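Here the structure is laid out as structure tokens; the discussion comes afterwards.
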Amino acid sequence: MDRDEARTLLTAERTHVEQQLAGSRASVTEEHESEAETGDLADPAQALTGQGIDDAVATALTNRLDAIDRALGRVDDGTYGRSVRSGLPIPQERLEADPAAELTVEEVAADEAATR
């Protein structure tokens, strides 16, 4: 994958993730305002569970933005398309599926096996 194609994919994904994050934050704000207006606070545990889920989604989206930014940095420094761990090439198909991929499939599988 050439640099321009990589930058285009990563920039488009960054925009998409930013929109998801903004939508998630807006949804949380609306939900909290609605609960406050209606006084629908009968089960505080439900609100805490929902907040935990919202926080987890926001964290995942923020982590994805960070990964995209790191990938854009690799495009700039000429190391895009190579594992950040081993330097081995990341196959084109993997980069098309996940433009921000940092590791080869084998490295990810080894990490997952090590955590089991």
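Only this structure's heavy atoms are used, side chains among them; waters, hydrogens and symmetry mates stay out. Treat the numbers as computed from the prediction; the structure is a model and nothing was measured.
Considering only residues two or more places apart in sequence or on other chains, E102 meets the salt bridge (charged side-chain N to carboxylate O under 4.0 Å, His left out) condition with R70, R74. Considering only residues two or more places apart in sequence or on other chains, R7 meets the salt bridge (charged side-chain N to carboxylate O under 4.0 Å, His left out) condition with D76. Under the salt bridge (charged side-chain N to carboxylate O under 4.0 Å, His left out) criterion, D69 pairs with R14, sequence neighbours left out. Remark: R3 engages no residue in a salt bridge (charged side-chain N to carboxylate O under 4.0 Å, His left out) (not counting sequence neighbours). By the side-chain hydrogen bond (donor to acceptor under 3.5 Å, both in side chains) test, E112 is found to be paired with no residue, residues two or more places apart in sequence or in another chain being considered.
Between the CG atom of D111 and the CZ atom of R116 there is a distance of 11.0 Å, given to the nearest 0.5 Å. Atom CZ in R64 sits 13.5 Å away from atom CG in L21 (nearest 0.5 Å). Atom OG1 of T104 is separated from atom CG of L88 by 6.5 Å, given to the nearest 0.5 angstrom. How far OG1 of T15 is from CG of L10: 11.0 Å, rounded to the nearest 0.5 Å. Note: D4 CG to L9 CG = 11.0 Å, rounded to the nearest 0.5 Å.
Closest approach of V57 to S24, counting heavy atoms only: CG1-OG, 4.0 Å. Nearest heavy atoms, Y80 versus A71: CD1-O, 3.8 Å. Across G81 and L95, no two heavy atoms sit closer than the pair CA-CD1, 3.7 Å. The heavy-atom pair separating I90 from A101 by the smallest distance is CD1-O, 3.6 Å. Minimum interatomic distance between V75 and A6 (heavy atoms only, all atoms of both residues): CG2-CB, 4.0 Å. Minimum interatomic distance between P99 and E13 (heavy atoms only, all atoms of both residues): CD-OE1, 3.3 Å.
Between the Q92 side chain and the M1 main chain, a donor and an acceptor come within less than 3.5 Å of each other.
Residue L103 shares its hydrophobic cluster (ILVMFWY side chains chained together at separations under 4.5 Å) with V84, V108.
Contact annotation: the side chain of L65 approaches that of E18 to within less than 4.5 Å [non-hydrogen atoms, C-beta and beyond].
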